[in-house]
2 protein chains.
Amino acid sequence: MSQTVDRALSILPLLAQGPADLGQVADRLGVHKSTALRLLRTLHEHGLVYRQQDQRYRLGARLFALAQEAVENLDVREIAHPHLAALNERTGHTVHLAVHEDGEVLYIDKVESRYPVRMYSRIGKPVAITVAAVAKLLLADLPEPERRALAAKLDYPRYTPRSTPDAAAFLQELATVREQGWATDLGGHEESINCVAAPIRGADGRVVAAMSVSAPNVVVTAEELLALLPLVRRTAEAISHDYSGTTPPKEAGATDDE
Amino acid sequence: MSQTVDRALSILPLLAQGPADLGQVADRLGVHKSTALRLLRTLHEHGLVYRQQDQRYRLGARLFALAQEAVENLDVREIAHPHLAALNERTGHTVHLAVHEDGEVLYIDKVESRYPVRMYSRIGKPVAITVAAVAKLLLADLPEPERRALAAKLDYPRYTPRSTPDAAAFLQELATVREQGWATDLGGHEESINCVAAPIRGADGRVVAAMSVSAPNVVVTAEELLALLPLVRRTAEAISHDYSGTTPPKEAGATDDE
DNA sequence: TCCGGGCGTTGCGTCATGCGCAACGCGCAT
DNA sequence: ATGCGCGTTGCGCATGACGCAACGCCCGGA
């Protein structure tokens, strides 16, 4: 709604693809160089953009700091973390925590078993929304019209033969998931990876987050992983309980027993 | 330089401290509610800001995605990573990679030995610039005037009795570091933690990044850690070599992960 | 039930502000 | 030496961002 800010912010995804010089930025924005310069300077002052030695611009450090602070302030994450760690300790598998936001589902925490190496590369990245078990749980809880609208405008990439093929199948799957209160992804994203997930609910019963346990089937079969379902659900319920308890929503009518 | 963008971007750090409603944002910006609304809407459209159910605003998902893409596009990081992993494998200690940007030093990669648990919480976070070994290396390489200016405007918190006390001591330390080509932090940030670090240089000899090995002295004494110095320096040199060699920018490098 | 206050939202008239232009300085390659 | 490409600057004009005031809505108290 604000042209100037809109243009400035459009620079960010542009730079996310890689460094660019002033002319490139101006061209891709469709504005004069002097305009692009002014915007870049403002972004620079706020640390969102950094100018390297060759004068080209890249995304800046403050961006990380902001993302950090944002994720650290998420109270669900903070409350859930010890539970996730415990579950990881017990099962040895990768544990994820995800939330829904504006049509995207993204991981906000992760505890990995074996190789901590590529760990952080996932957090904050949008997940494959049409197949991920956590995504199904989060979207299944949306109000009917929103859910339909979202399902209609999604893409349905065929990662594997087991990927959700289209909106109809997706909505069907969401209905099942909503009813049973848990979800799986059996090779729908990557052939050899299976996941089982459970919802975390707020005091009002709405799904506020979802957690999952994932493992490649070279480690455990899908059946073995599914055997963990009760444990996963219990963990999710424990988190829900902690979360509802410590979330004094100013003044909400129905407060659970405590 | 652009008032509108400036105001809009000022909202981000404000929200980083926690969710806020429209009135609060307008107040703290010193603008009319309608103005704040317009800015917030624009931020929202770009996904930098998210509106939760209670209508309050928080930082949005796109922020994470941007930070992710930014860090993944850093070629130093990509080149260094295997070396860091190897060093971690060999020593068992935590290994860091850091860069300098606009007066801040931040970690862009980390390989941790024992507990992967709190791992991601560090990446992207500014480091204790006056004491961290990697910070000393990065700042020691700055041109004289810049270095002095920066040293003068820094704070010198006394994390421990061994923390760098003031600008004079800091500049002195930087001189030493620059001369010897490596740096340490022996309990300057946290009593029981020691680090040894070495610089990574580009083709022109300038320090582009720094790496360090850290360990609590309950695991190894400072002396034992210092014994790793040659290994650390050799690793840093290997990275420098790789980096200088492959510096010719890979144009249109659409490296798809996954 | 009605009323009042607090919140987000809207349309509008004004003028500050962001815009493109054109000219300049600089480095680099010819 | 010379021209080109780049980032940078100052400026006059009109666009677009501003604050105002009025509205709708929800909630809580009377």
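Just so it is clear, the model here is predicted, and its values are computed rather than measured. Chain letters run A, B, ... following the sequence lines, proteins first and then strands; every chain starts at 1.
- If you check every strand for non-hydrogen atoms under 4.0 Å, A:Ser34 touches a base.
- Taking atom NE2 of B:His32 as the reference point, atom P of C:dC12 lies 17 Å away to the nearest angstrom.
- Between A:Leu37 and A:Gln3, the residue anchored closer to the 5' end of DNA chain D is A:Leu37, taking for each the nucleotide with the nearest heavy atom.
- The side chain of A:Asp21 lies closest to D:dG7, out of D:dA17, C:dT9, D:dG7.
- With respect to A:Arg62 and B:Glu104, a salt bridge is recorded, a charged nitrogen being found less than 4.0 Å from a carboxylate O.
- Residue A:Met1 contributes atom CE, which lies 13 Å from atom P of D:dC18 at whole-angstrom precision.
- Of the side-chain N and O atoms in A:Thr4, one or more sit less than 4.0 angstrom from OP1 or OP2 of D:dA17.
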### Task
Before giving the answer on side chain to side chain contact (heavy atoms under 4.5 Å, CB included), spell out for B:Glu101 and A:Gln52 the whole-Å C-alpha distance, their side-chain angles and the decisive distance to 0.1 Å.
CA-CA 9 Å; B:Glu101 182 170 315; A:Gln52 28 189 27; over 6 Å; no
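- The neighbour count for B:Glu179 CD, taken as heavy atoms of other residues, nucleotides or ligands under 6.0 Å away, does not exceed 12.
- Phosphate contact (OP1/OP2 of D:dC18, side-chain N/O of B:Arg7, threshold under 4.0 Å): present.
- Going from atom CD of B:Gln55 over to atom P of D:dC27 covers 10 Å, rounded to whole Å.
- Distance from the side chain of B:Tyr57 is smallest to C:dT9 among C:dT9, C:dG18, D:dA21.
- Within 6.0 Å of atom CZ in A:Arg148, 12 or fewer heavy atoms from other residues, nucleotides or ligands are found, so the atom counts as exposed in its surroundings.
- One can place CZ of B:Arg51 at 13 Å from P of C:dC7, the figure rounded to the nearest angstrom.
- Rounded to whole Å, the distance from CG on A:Leu40 to C1' on D:dT8 is 13 Å.
- With D:dC18, C:dC21, D:dG19 as the choices, the nucleotide that has an atom nearest any side-chain atom of B:Arg38 turns out to be D:dC18.
- Closest contact between the side chain of B:Leu39 and the listed nucleotides D:dG19, D:dC18, C:dC19 involves D:dC18.
- Taking atom NZ of B:Lys33 as the reference point, atom C1' of D:dG19 lies 12 Å away to the nearest angstrom.
- Nucleotide C:dC19 holds its C1' atom 15 Å from the CZ atom of A:Arg41, rounded to whole Å.
- For the pair A:Arg58/B:Leu74, a side-chain contact is recorded, criterion being any heavy-atom separation below 4.5 Å from C-beta on.
- Protein atom CD of B:Gln53 is 17 Å distant from nucleotide atom C1' of D:dC26, rounded to whole Å.
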